[in-house]
Protein chains: 2
Amino acid sequence: MKRKNLTSDERKAATVEAVIALAASSNPADITTAQIGSYMDVTQGALFRHFPSKQEIWTAVMDWTANQLLARIDKVESDNPLDELEAMFVAHVDFVVTHPGIPPILFGELQRRGKTPAKALLQKLMAEYGVRLSTKLTRAKSAGLIACDTDIPAAAIMFLGIIQGLVMQSMMTGNSSMMREMSTRLFNIYLGGIGAKM
Amino acid sequence: MKRKNLTSDERKAATVEAVIALAASSNPADITTAQIGSYMDVTQGALFRHFPSKQEIWTAVMDWTANQLLARIDKVESDNPLDELEAMFVAHVDFVVTHPGIPPILFGELQRRGKTPAKALLQKLMAEYGVRLSTKLTRAKSAGLIACDTDIPAAAIMFLGIIQGLVMQSMMTGNSSMMREMSTRLFNIYLGGIGAKM
DNA sequence: CAAAAGATAGTGACTAAGTACTATCTTTTG
DNA sequence: CAAAAGATAGTACTTAGTCACTATCTTTTG
């Protein structure tokens, strides 16, 4: 069997992919460098040629995730802020459904004590997400599309919370296909909550 | 130094308490039997006199949690189902605020692969919680207190999701005191979402 | 009722199985 | 052929779980 050498960048990308794939079927905290290596048909020691420590692998994973998620929710474009919010919602749910390992990774990172680089990236991601939500909600309010007394910070937390709840539900039942269908039903309730005129 | 022997039941209860306390300041997955023992001023080996395995400790913790949480949300009593829902919401948030180790524990257990006894208990807890929510929402609908076309399953998921989101937010900022204040703001949006007449 | 006997809780040193990470040698590749 | 990627075989350390023994508590019995 002939061995295939990848460039350092390729191997880094493959590593991130491997971690995300593994996280879909095992607790992120329990993923070992040996498992990551074996997933890529590479020995465990080879990882340390590209990452100085395991923690750096998590940082790379968080970085990839943040970029992917923000890119997806930034792709929405409409002159109606409510349509944009719905598109963000759908894009986010879609991202999670197609990458079931991501939510456990985020939670695992969130639980970590102290401020690791990976956790800092996660906080930055959430902050930027929040800005986007607030902006669109404010525009919707100005346009008279939602109730004029809408509590925007609370509405932003709620937006993310709904997705959270969905993810949790699907992890509990092990059924992630219900997410897409349920997401529109949840979003309808959300629209009612912020007094959207339909 | 005189040694204090506890009965097996007392020691089990103390262990559960220790685990919950430790989970407030460190990742549940990283809690070792040595840490648990040291928290109670007992050696690590002593734990295995009362629990056959570490997994059984987690099961005991889940059992305690499920009983506590259900007891608290069952205490609410009113002739107005919406008031009951709000009281459940407040009771749940209060439980989480006073036991900050619980959410990480639940999420850690949820991530575990396969069906451990602890995970089964968690699923049972959620199922029972869901029943209570559906019952109250149905009563509210019959009484005309909320919109007659309310999507009850979605509303039940949403109820839990909001709490999820709150918890996540507080874990991110490390500020859990904002939870109580924010919870009423979120609940107001929720009421709007299910078309509550105010 | 006090002392012996038995039961139970806790100790401390150990083990076996991992873990992240490293030093050195080998293969691939431009 | 030289530089980069991977293999091999480690190191040093951590972890859940074990076990023979000891301290403490409870029950029996002369």
Side-chain angles (χ1 to χ4, degrees), chain A residues 1-19 22-23 25-62 105 108-109 111-114 116-119, chain B residues 1-19 22-23 25-62 105 108-109 111-114 116-119:
Chain A
M1 182 141 173
K2 204 159 184 222
R3 199 176 80 192
K4 181 64 190 271
N5 282 12
L6 300 186
T7 66
S8 197
D9 282 347
E10 286 170 333
R11 181 58 69 203
K12 280 181 192 163
T15 304
V16 168
E17 200 190 313
V19 168
L22 287 168
S25 61
S26 68
N27 193 329
D30 295 340
I31 296 175
T32 65
T33 52
Q35 283 178 281
I36 300 170
S38 130
Y39 184 92
M40 300 188 285
D41 287 316
V42 141
T43 59
Q44 169 272 122
L47 289 181
F48 293 92
R49 197 161 289 287
H50 309 287
F51 296 94
S53 71
K54 195 192 182 189
Q55 182 54 228
E56 285 288 310
I57 297 179
W58 286 115
T59 306
V61 169
M62 275 306 313
I105 289 174
E109 204 52 50
Q111 286 175 345
R112 201 155 275 162
R113 300 299 142 172
T116 62
K119 196 177 176 184
Chain B
M1 179 138 169
K2 203 162 181 209
R3 199 176 81 189
K4 181 63 188 265
N5 281 11
L6 301 187
T7 65
S8 196
D9 282 347
E10 285 170 334
R11 183 56 70 202
K12 281 181 189 162
T15 304
V16 167
E17 199 190 315
V19 168
L22 288 168
S25 61
S26 66
N27 192 330
D30 296 340
I31 297 175
T32 65
T33 52
Q35 282 178 280
I36 300 170
S38 130
Y39 184 92
M40 301 187 284
D41 289 315
V42 139
T43 60
Q44 171 258 8
L47 290 182
F48 293 93
R49 196 156 293 284
H50 309 288
F51 297 95
S53 71
K54 196 191 182 190
Q55 182 57 49
E56 284 287 311
I57 296 178
W58 287 113
T59 306
V61 170
M62 276 306 313
I105 289 174
E109 202 53 49
Q111 286 175 342
R112 199 154 277 161
R113 233 30 211 182
T116 62
K119 196 176 176 184

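Keep in mind that this is a model prediction, so the values were computed, not measured. Order of the sequence lines fixes the chain letters, A, B, ..., with proteins taken first and strands second; residue numbering starts at 1 for each chain.
Rounded to whole Å, atom P of D:dT15 lies 12 Å from atom CD1 of B:Ile36. Nucleotide D:dG6 holds its P atom 9 Å from the CD atom of A:Glu10, rounded to whole Å. For the pair A:Asp41 CG and D:dA7 C1', the interatomic distance rounds to 14 Å; values are reported in whole Å. The distance between atom CD of B:Gln55 and atom C1' of D:dT15, rounded to the nearest whole Å, is 15 Å. Taking atom CD of residue A:Gln35 and atom C1' of nucleotide C:dG18, one finds them 12 Å apart after rounding to whole Å. Between A:Leu47 atom CG and D:dA7 atom C1' the separation is 13 Å, expressed in whole Å. For the pair B:Arg11 CZ and D:dC25 P, the computed distance is 13 Å after rounding to whole Å. Put simply, CZ on A:Phe48 is 5 Å from P on C:dC21, counting in whole angstrom units.
A:Gln35 places a side-chain N or O within 3.5 Å of a backbone atom of A:Thr32 that can act as its donor or acceptor partner.
D:dG17: Watson-Crick or G-U partner is C:dC14, with both key distances under 3.5 Å. C:dC21 is paired with D:dG10 under the criterion used here, namely a Watson-Crick or G-U wobble arrangement in which both key atom distances are under 3.5 Å. The partner of D:dA2, taking Watson-Crick or G-U wobble pairs whose two distances both stay under 3.5 Å, is C:dT29.
The side chain of B:Ser53 approaches D:dG17 more closely than any other nucleotide in the set D:dG17, C:dT22, C:dG12. Among the nucleotides D:dG6, C:dA9, D:dG17, the one closest to the side chain of B:His50 is C:dA9. Distance from the side chain of B:Gln44 is smallest to D:dG17 among C:dC21, C:dT11, D:dG17. Which of D:dA16, C:dT29, C:dG10 sits closest to the side chain of B:Thr43 comes down to C:dG10. Relative to the side chain of B:Arg49, the nucleotides D:dA16, C:dT28, C:dA9 differ in distance, and C:dA9 lies closest.
Contacts of B:Leu6 with the nucleic acid, taken as non-hydrogen atoms under 4.0 Å apart, involve only primed sugar atoms and P, OP1 or OP2. Within the nucleic acid shown, B:Ile31 comes within 4.0 Å of sugar-phosphate atoms alone, with no base atom in reach, counting heavy atoms only. Residue contacts shown for B:Thr32 are limited to sugar-phosphate atoms, with no base heavy atom under 4.0 Å away.
Heavy atoms of other residues, nucleotides or ligands lying less than 6.0 angstrom from CD of A:Glu17 number 12 at most.
Distance check: A:Glu109 CD to A:Gln111 CD gives 10.0 Å after rounding to the nearest 0.5 Å.
At least one side-chain heavy atom of B:Phe51 sits under 4.5 Å from a side-chain heavy atom of B:Thr15. Using a 4.5 Å cut-off on side-chain heavy atoms (C-beta onward), B:Val19 and B:Ile36 make contact.
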